[in-house]
Amino acid sequence: MSEYKATIKWQRTSPDFLKGKYSREHTWTFDGGVTVPASSSPSVVPVPYSNPAHVDPEEAFVASISSCHMLTFLYLAAKQGFQMDSYEDETVGVLTKNEKGVPWVSLVTLHPKIAFTGNKLPTPEDEKHLHHLAHEQCYISNSIKTDVIVDSQ
């Protein structure tokens, strides 16, 4: 099986760590060499201790679900003979509290907009079935307890 790696680095930059007054900015470096600036979400930890310009874990979680679904959908559509020109998804994740009062991303809604071309175009039922199969086969969806909904209208 495969193994996936990321290096997360944070460095204290202020003397007020014990008072909770420290930057949450850090980096994510992936095995391919890309480094992404990251931070806590400003909705969880206020600015200036968070940086809204950086990617936060909640955004990355939502993006990984959408990305995995899209990649699986592309694969399945190609296997079915459906030519795709573009795929765009403005995914939304919702943070709620569980029964113990602990926040978690309980719902992710995908909003894919797909452009098909060619001689063989999918029916709405074909597209719905492809989304169903993509959700069933996506590695990330199979790894989480968050509800994932596809709203392709």
Side-chain angles (χ1 to χ4, degrees), residues 1-12 17-32 34-80 82 84 86-116 122-153:
M1 295 305 297
S2 301
E3 187 175 82
Y4 302 91
K5 297 180 180 180
T7 301
I8 312 306
K9 289 186 181 179
W10 172 86
Q11 181 69 45
R12 183 172 56 84
F17 179 80
L18 296 177
K19 295 176 184 174
K21 295 180 179 184
Y22 58 90
S23 173
R24 272 59 166 195
E25 291 184 45
H26 57 284
T27 59
W28 301 340
T29 302
F30 298 94
D31 57 3
V34 165
T35 297
V36 176
S39 177
S40 56
S41 169
S43 66
V44 176
V45 177
V47 174
Y49 308 113
S50 290
N51 186 335
H54 292 8
V55 177
D56 62 62
E58 296 84 356
E59 291 170 325
F61 179 70
V62 168
S64 71
I65 293 167
S66 176
S67 181
C68 185
H69 182 90
M70 179 200 68
L71 292 169
T72 308
F73 188 95
L74 294 173
Y75 168 77
L76 294 168
K79 279 186 66 172
Q80 295 282 325
F82 298 122
M84 290 177 57
S86 65
Y87 183 111
E88 182 176 326
D89 184 4
E90 293 187 20
T91 305
V92 177
V94 177
L95 190 72
T96 60
K97 290 186 178 181
N98 68 15
E99 61 281 350
K100 296 179 182 176
V102 178
W104 71 298
V105 180
S106 60
L107 175 65
V108 171
T109 304
L110 310 178
H111 298 96
K113 300 208 179 355
I114 304 165
F116 294 94
T123 65
E125 293 79 26
D126 291 332
E127 193 172 339
K128 184 177 180 178
H129 183 66
L130 285 169
H131 281 298
H132 176 77
L133 292 174
H135 180 69
E136 282 186 341
Q137 296 178 30
C138 168
Y139 308 147
I140 303 297
S141 291
N142 281 297
S143 303
I144 62 173
K145 67 179 183 176
T146 300
D147 290 329
V148 179
I149 296 172
V150 178
D151 181 5
S152 59
Q153 298 172 350

Qualifying residues under ring-ring contact (aromatic ring centres under 6.0 Å, His included), relative to F116, sequence neighbours excluded: none

Short side-chain to backbone donor-acceptor contact, S41 and D56, under 3.5 Å: no

Derivation of the side chain to side chain contact (heavy atoms under 4.5 Å, CB included) call for T91 and M70: CA-CA 11 Å; T91 305; M70 179 200 68; over 6 Å; no

By side-chain contact (heavy atoms from CB on, under 4.5 Å) - contacts of T7 (at least two apart): K9, T29

Minimum heavy-atom distance between S39 and P57, given as atom pair plus value: O-CD, 3.4 Å

Any D89 side-chain heavy atom under 4.5 Å of H69 side chain: no

Non-neighbouring partners of H54 that pass ring-ring contact (aromatic ring centres under 6.0 Å, His included), sequence neighbours left out: none

Check: F61 main-chain N/O paired with S64 side-chain donor or acceptor under 3.5 Å: yes

Side-chain donor or acceptor of T27 paired with backbone N/O of T35 under 3.5 Å: no

Aromatic plane relationship, F30 with W28 - under 30° parallel, 30 to 60° tilted, over 60° perpendicular: perpendicular

Pair listing, side chain to side chain donor-acceptor pair (under 3.5 Å) test, anchored in residues 94-105, at least two apart: T96-S106

Residues forming a ring-ring contact (aromatic ring centres under 6.0 Å, His included) with F82, sequence neighbours excluded: none

Any residue meeting side-chain contact (heavy atoms from CB on, under 4.5 Å) with H129, in chain and number order, not counting sequence neighbours: L133

